[in-house]
Amino acid sequence: MTTATAERSYIFNLETGKIELHFDKAEYMALSQEQKSLIKSNFLFSKYSSAWVSRAKEPNIYRARQIAQQLGFTQEQRQGERLSCAEQVERSVERAEHRAERFEGYAENA
């Protein structure tokens, strides 16, 4: 019984400010169509973390937490460490530069 409770906890990633839901494929396939559409409307599947990651970031994750509770995820685990404001800006600049390089490559290929 204790392992079921531990498995039914969602992760709040302090680094990204998002919620992650970890499912086995069989467990996901056993969900009703309504539950699947609810997940898909508020979460995106991340191959990197092999989990459903909320579309919204903190402080706008109320709906994601509500859906996690509806699906039986009762406990919150906090992971990572919160980034400082300067680190967040640095990360967004790096991502923007990477995105610009990627689009320049697309333009060259076209």
Side-chain angles (χ1 to χ4, degrees):
M1 186 75 177
T2 316
T3 56
T5 309
E7 292 174 356
R8 302 310 291 178
S9 60
Y10 63 89
I11 295 174
F12 176 58
N13 191 331
L14 294 171
E15 201 169 303
T16 61
K18 295 185 176 192
I19 289 179
E20 300 175 3
L21 302 178
H22 292 266
F23 287 108
D24 293 338
K25 183 165 182 155
E27 187 179 3
Y28 177 75
M29 296 307 286
L31 295 174
S32 70
Q33 193 61 36
E34 181 181 315
Q35 290 173 323
K36 288 179 185 177
S37 65
L38 196 60
I39 291 172
K40 290 178 183 177
S41 68
N42 291 281
F43 293 85
L44 295 171
F45 188 77
S46 169
K47 289 182 182 179
Y48 177 74
S49 60
S50 298
W52 289 91
V53 179
S54 64
R55 293 174 185 254
K57 288 183 176 181
E58 188 181 33
N60 302 321
I61 56 174
Y62 174 77
R63 181 71 178 141
R65 278 193 173 124
Q66 198 176 37
I67 290 169
Q69 289 176 351
Q70 286 177 347
L71 295 171
F73 290 89
T74 55
Q75 297 177 347
E76 176 179 280
Q77 291 181 355
R78 292 178 176 250
Q79 252 184 10
E81 60 182 58
R82 194 174 297 271
L83 299 176
S84 69
C85 184
E87 290 173 327
Q88 289 176 359
V89 170
E90 182 181 326
R91 177 177 277 186
S92 65
V93 167
E94 288 174 0
R95 292 181 73 201
E97 289 172 352
H98 179 70
R99 189 171 42 248
E101 290 172 5
R102 191 174 65 235
F103 285 125
E104 286 173 1
Y106 294 159
E108 290 173 7
N109 290 338

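Computed over heavy atoms, backbone and side chain alike; hydrogens, waters and symmetry mates excluded.
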Worksheet item: Which value, rounded to the nearest 0.5 Å, describes the distance between Glu87 atom CD and Glu94 atom CD?
Response: 10.5 Å

Worksheet entry | Hydrophobic cluster identity match, Leu44 and Phe73, side-chain contacts under 4.5 Å | no

Worksheet entry | Distance-minimising heavy-atom pair for Trp52 and Phe23 | CD1-CD1, 3.5 Å

Worksheet entry | Heavy-atom pair of closest approach, residues Arg55 and Lys40 | NH2-O, 3.0 Å

Item to complete: Enter the distance from Asn42:CG to Arg65:CZ here, rounded to the nearest 0.5 Å.
Response: 13.5 Å

Practice prompt. Can you see which heavy atom on Leu31 is nearest to which on Lys36, and at what distance?
Written response: O-CE, 3.5 Å

Worksheet item: Just wondering, more than 12 heavy atoms not from Arg102 lying within 6.0 Å of its CZ?
Response: yes

Worksheet item: So, for Tyr10 and Ala68, which heavy atoms are closest and what is the spacing to 0.1 Å?
Response: CD2-CB, 3.9 Å

Discussion item. To the closest 0.5 Å, what do you measure between CG (Leu71) and CD1 (Ile39)?
Written reply: 4.5 Å

Worksheet item: Are Met29 and Leu21 connected in a single hydrophobic cluster, I mean Ile/Leu/Val/Met/Phe/Trp/Tyr linked by side-chain heavy atoms less than 4.5 Å apart?
Response: yes

Worksheet, complete the sentence: In this structure, CZ of Arg78 is separated from CG of Leu14 (nearest 0.5 Å) by 5.5 Å

Worksheet, complete the sentence: Tightest non-hydrogen contact, residues Phe12 and Ile19, listed as CD1-CG1, 4.1 Å

Worksheet item: Do other residues, nucleotides or ligands put more than 12 heavy atoms under 6.0 Å from Lys57 NZ?
Response: no

Response to the item:
Val89 and Ser92 have their tightest heavy-atom pair at O-OG, 2.8 Å

Worksheet item: Counting heavy atoms not belonging to Glu34, are there more than 12 under 6.0 Å from its CD?
Response: no

Item to complete: Starting at NE2 of His98, measure out to CZ of Phe103 and round the result to the nearest 0.5 Å.
Response: 10.0 Å

Worksheet item: In terms of hydrophobic clusters joined by side-chain contacts under 4.5 Å, are Leu38 and Phe43 together?
Response: yes

